[in-house]
Structure formats: C-alpha cells, structure tokens
Amino acid sequence: MTTRPPPRPRPTGPPCSTSRASTPTGPSSASSSSASAPAAEPVGPAGPGAGSVARMAKAPILTPQAEDFPRWYQDAVAKAELADNGPVRGTMVIRPYGWAIWERMQAEVDERIKATGTQNAYFPVLIPESYIEREKAHVEGFSHEFWTVTHGGGKELEEPVVVRPTSETVFGIYMAKWVQSYRDLPLLLNQWANVMRWELRPRLFLRTSEFLWQEGHTAHATEADAAAFAARVLHDVYEDFMVDVLAIPVLTGRKTSRERFPGATNTMTLEAMMRDGKALQMGTSHELGRNFAEAFDIRYLDDNGDQQLCWTTSWGVSTRMVGGLIMTHGDDRGLRLPPRVAPVQVVVLVVRDEQGAGERARLIVEELRAAGVRAELDARVDTSFGRRAVDWELKGVPVRLEVGPRDLANMSLTLVRRDHEGKDTIPLDGVGSRVADLLDDIQASLLHEARLRRDGGTAEVTSLDDAVEAARTGFARIPWSAVGDEGEDRLAEHGVTVRCLQRADGGLPAADDEPDLVAVVARAY
RNA sequence: CGGGAAGUGGCGCAGCUUGGUUAGCGCGCAGCGUUCGGGACGCUGAGGUCGCGGGUUCAAAUCCCGCCUUCCCGACCA
C-alpha cells in the first residue's frame, strides 16, 4: 500500500521478458530466474506451509498488488475472464463470468428497488439535443461528455440526437405528461440501461464510455417527501446491498457543491476504500429540487385545486461496482468473491477419477444444489490439478471441495476456503448444511476484514497538510470548517478531493452548512 | 485533451538502428504417450494481412506521413 518499493530489477516475467541483448532462450532465463527467485516478493512471513514455497518459486500469476496496483487490477480482470476492451475506445466487452457477477448484482439491487414501490420501465437511448438543453446546469455539466448522433439513414438529421449520458430529461418530459394530480404522486420509476459518456481515460468497469446501470427517477409532491425518498434509496437499497451482499463497507454522505450532480440540489454518495487506499464512488442519490420540474413543467393539481411544481430525485449504481468488488476484496491470487454475489459459490473438483471420485463429486454437487448452494462440478481430470485450483482461485470462488481417492478412502473431503490460507478435512456426511453455514461465515469475514482495513486506513486530522499526507495511503477525516471552498482547491492541487461530508457520528447531514460537519477526503478513482 | 511509452500468431516478447530469400522465442492451443493431492513432462503439430491507411524503394515488420488502439502521469467524470 505504501507504494514505492525499491524499484526491483524485474520481478515479474523472468522466463522471457528478461532478455534484451542476448539470446532469448535457455541460458539467460536460467541465470535470471536464479537471480530473481530470492528477490521474489516476500509474499509475507505470514505465508506458511509448503504450498506457498512452491508457489513462490514460480512467476506470480498476477502482478502483486504492492508492486503495481493498477496493473494487478488489469491482470485480475483478464485472468478471471471478466471483460475485454471493446473495439471502440472506452467500450467494454463483458465476458460470461463478469456478466454473471453483474446479473447477481442486478437481481439483488432490483429486488430492493422494487421493495420501495418503484416500477421498472424503459426509455430510449437517443435523446433530442434540445431536451438536454432545457436544464441549464445539466447541459453545462454534461456537454463535454456527449456522444452525438448527427446522421441517420445516410442523411444529416435536422436535429442532432444525444446518446443518453443519463435520462433526467426524457423522464422529465414523460413525467410531465403522466402526472396530473397529487393522486398520481409519488411517481416512482426506474430503468436498467446503458449510457454513454465521453471518457478521456477509460478503465474496465471503473470508467468506460459505455456502461450499464440502473437509473431511478421519481417525482414527489413535497420537498420533504423527495428528500426522504432519496435518502431511503441511499440506505435501504444501496447501502444495504453493498454491505450485505458485496461485503463492502461504505461511507454515506453528502457531496460538496463542486462535486454535485449537474442540476441537483443535493447529491448523496456511497464511498468505499479500495485496497490501495483510494476511494471509489459506488453509487449516488440526488435530490433535484424543482430544477427539472421547472424545465419540463412537471406539475400537479393539489387537493386545493392549485397548480404545484413537483420535486424530483434520481439515483443510480453501475457496472463500476464490479470494479469496486474486485479492488475491495481481491488479493495477489485473484478475486475473492463474497458468497452472496458469487455466481459459483462452491466448486467441487475431482482430483482424479478413481475409486468413484467422479460420481461422488456429482452427487455432492447435487446435494449442495438441493441445499440452495450455487455449486459447480469441475471434472476436467485431463487438466492438471494445480492448474484448475489456480483457475478457480483467480475467479474468486469462495469454497473449493476436492474429491479424490484419498478422501474417499476416509469418507471425507478436502475443503479450501478462498478467504484465507489452509485446507481442512471434513466428513462426507452433511456437506450441504456444513457448506451453507461456511458460506455465511466467509461472507461475514470478508466484510469484517474490509472494515478493519478501511478503519485502519482512516486518519483523524485537523489540518489540510495532515489530510494530504493521510490521503497518500488512505482516508482522512477533517473538520469541514477547516477545509471550505479554498481548502478544496488546496487539496485538489495534491490530487485529493472531499469525498463526502458527514456528521461527526457518520450520519447524513441535512445541509452543507450544518455546524460541526466532518469532511472525508481521499484520492479517488 | 496535454506529457511519456508501446502496438509483431490467443498472451508476453525478440527482430527494426545499418530495408534483402522460409519473421523467431516462451507461454497457451491440438494429437499421442508418461503423469496426476498446488500453475506437470516428452514428442509431434496448428496458428502471423508484422494495428490501419498512404508514401519512398527493384524490395518495407524495418524508413517517412496520417489515423486508430492500449498503458503510465495530469486536468473531467458513475
């Protein structure tokens, strides 16, 4: 984490990348491997057991996090087969395993959204430019990120259309049409969609030009109702999902005015700490005041027969969460997925198909599935054991059960959990319930570990200098009164931003100018 | 968008400075055999419009121009 290990000669790829002047084969690689073997990252005095010694002798599968975190991230995404870059800059191909994770996320988030009474709908990807221009702050904030379509059917369009960067404007138009009376409120809508924003520096999942998300749009009769709903989504949908399912501890708070969504009167955020100490905004929920209601004439007749403007909100979480999941839990051996999002919770690996191990493994998979566990069989016995073990570790599958002749002779199984070192031997009987309990345990322990790391990486400070210093490796909490607008400028000079404002107890402020607020500052993705 | 680096079989690279018959290597992949409880080994084999488009030349992976893409650093963002 403290980045800046002495620049090692060439810790990775000794097998081939070392050669430059000499022959690229035998001799040089032999000498270089003997030279770099002792230098191989001291994976930790903690790394016990015989297995890790054997592992260290080989080139690491992924670039170690401590050596180059961004590189590690890319390696992890590639080796776990989550995604590839698309052919157009900033676009992303999500591979089946990555998509399976996203599907799990969608299912969990969607369920929580519906629990608020919100209904799903779908709005078009193309938006007339004139719509977007109706809300002044909104255009100003977004115009530099537009992808604009100027031609259709080979002819220039009379009015260019924008590929949606977000859909407040189209929702606004139709909300105005659908809302007539206070009896129509609140109007609670959501859509799952793709959006496009011009990006200067794309990174898979974290920042791509096209990304997938859910965007909720609601209209309310009163400001209080809108504010309450936006906060409800923040906590009951997003925070609950992130903590409970993703095992990612998040800080919730209010954005400063400069970090606010274009067109919003209040932006609330969920911020998580990645393993390199940087912050990632995992989701947002906005109060839009009457800004969009005015721009799109979203009005209703109240119970006195008077015309009133609505109060609207919008909120979203995106595929970026996949990146957050990787960077929160992943280690040098790959992903570590919390069981509740893991597409595969348990892999049952046939070591060798002898003594009926293959058949036994099939039965275990069936038993697990019957117990409600997402279990997968790995019977590729023509691939070496180590190879397969490494594959599943890269993919972050929480539990691996190994079934081989040796286990069957003892009527037992070998169990390996991904969240920490070591193997256990468990009896063959009662695998289903035992594993189900274990998954809960792993879920809890990943959350616990992430919490400890976040709390340990957060410093309480009182000066901007100390905040900048602390932000080199983690978060800093500093009285908002010690920062202010000029303070934000100073922090920005060091690549540090105010991630959110909180009350001293971590609660959500009702306004920016509440006394005694605390600013959480950090470097961010 | 500014600064830096780089695009050569799926991946990682060499070759380019001093253009010249069949463009190499490691990993991966396929077949066979030996193996098998932590990325196995041997043999055989498949796979390349050298990012794209122009130009120079008898001849271009190699030289020149333009574009695209990726990575790192900054400013913008979920």
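All chains are named by letter (A, B, ...) in the order of the sequence lines, taking the proteins before the strands, and each is independently numbered beginning at 1.
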At 4.0 Å (heavy atoms only), tell me whether A:Thr208 reaches a base, stays on the sugar-phosphate, or touches nothing.
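Base, at least one base heavy atom under 4.0 Å.
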Residue closer to the 5' end of RNA chain B, A:Gly90 versus A:Lys79 (nearest nucleotide)
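Taking each residue's closest nucleotide, the earlier one in sequence belongs to A:Lys79.
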Regarding A:Thr166, tell me which of base, sugar-phosphate or nothing describes its non-hydrogen contacts under 4.0 Å with the strands shown.
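A:Thr166: no heavy atom of the nucleic acid under 4.0 Å.
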Describe the nucleic acid contact of A:Glu145 in one word from base, sugar-phosphate, nothing, applying a heavy-atom distance below 4.0 Å.
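A:Glu145: backbone/sugar contact only, no base atoms under 4.0 Å.
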What about A:Ser384: does its side chain form a donor-acceptor pair under 3.5 Å with the base of B:G39?
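Counting by modelled atom types and ignoring angles, no donor-acceptor contact under 3.5 Å is found here.
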State whether the distance check finds a donor on one side and an acceptor on the other, under 3.5 Å, for side chain A:Ser318 versus base B:A78.
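Pair found.
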Close side-chain approach of A:Glu402 and A:Lys423, heavy atoms under 4.5 Å:
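When only atoms from C-beta onward are counted, A:Lys423 and A:Glu402 do touch, with a gap below 4.5 Å.
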Quiz item: A:Lys423 side-chain donor-acceptor pair to B:G38 base, under 3.5 Å
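Counting by modelled atom types and ignoring angles, a donor-acceptor contact under 3.5 Å is found here.
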base_contact_polar (B:C77 base, A:Arg207 side chain, donor-acceptor, <3.5 Å):
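It does, because a donor-acceptor pair links the side chain of A:Arg207 to the base of B:C77 below 3.5 Å.
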Which is true for A:Arg258 with a 4.0 Å heavy-atom rule: it touches a base, it touches only sugar-phosphate, or it touches nothing?
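No contact at all - A:Arg258 keeps every heavy atom at 4.0 Å or more from the nucleic acid.
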Quick one: CD on A:Glu287 to OG1 on A:Thr267, what's the gap to the nearest 0.5 Å?
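A:Glu287 CD to A:Thr267 OG1: 9.0 Å, rounded to 0.5 Å.
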Mind checking if A:Asp407 touches a base, just sugar-phosphate, or nothing, with heavy atoms under 4.0 Å?
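Base, at least one base atom sits under 4.0 Å.
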Salt bridge or not for A:Arg490 and A:Glu486, using N-O below 4.0 Å?
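Here A:Arg490 does not pair with A:Glu486 in a salt bridge, since their nearest N and O are not under 4.0 Å apart.
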Students often get this wrong, so: under 4.0 angstrom with heavy atoms, is A:Leu280 touching a base, only sugar-phosphate, or nothing?
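The residue A:Leu280 makes no contact with any strand.
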Among A:Glu168, A:His286, A:Glu215, which one satisfies side chain to side chain donor-acceptor pair (under 3.5 Å) with A:Ser314?
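Single side chain to side chain donor-acceptor pair (under 3.5 Å) partner of A:Ser314 among A:Glu168, A:His286, A:Glu215: A:Glu168.
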Evaluate whether the aromatic ring of A:Phe385 and the six-membered ring of the B:G37 base sit under 5.5 Å apart, centre to centre, with an inclination under 30°.
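One would not call A:Phe385 stacked on the B:G37 base.
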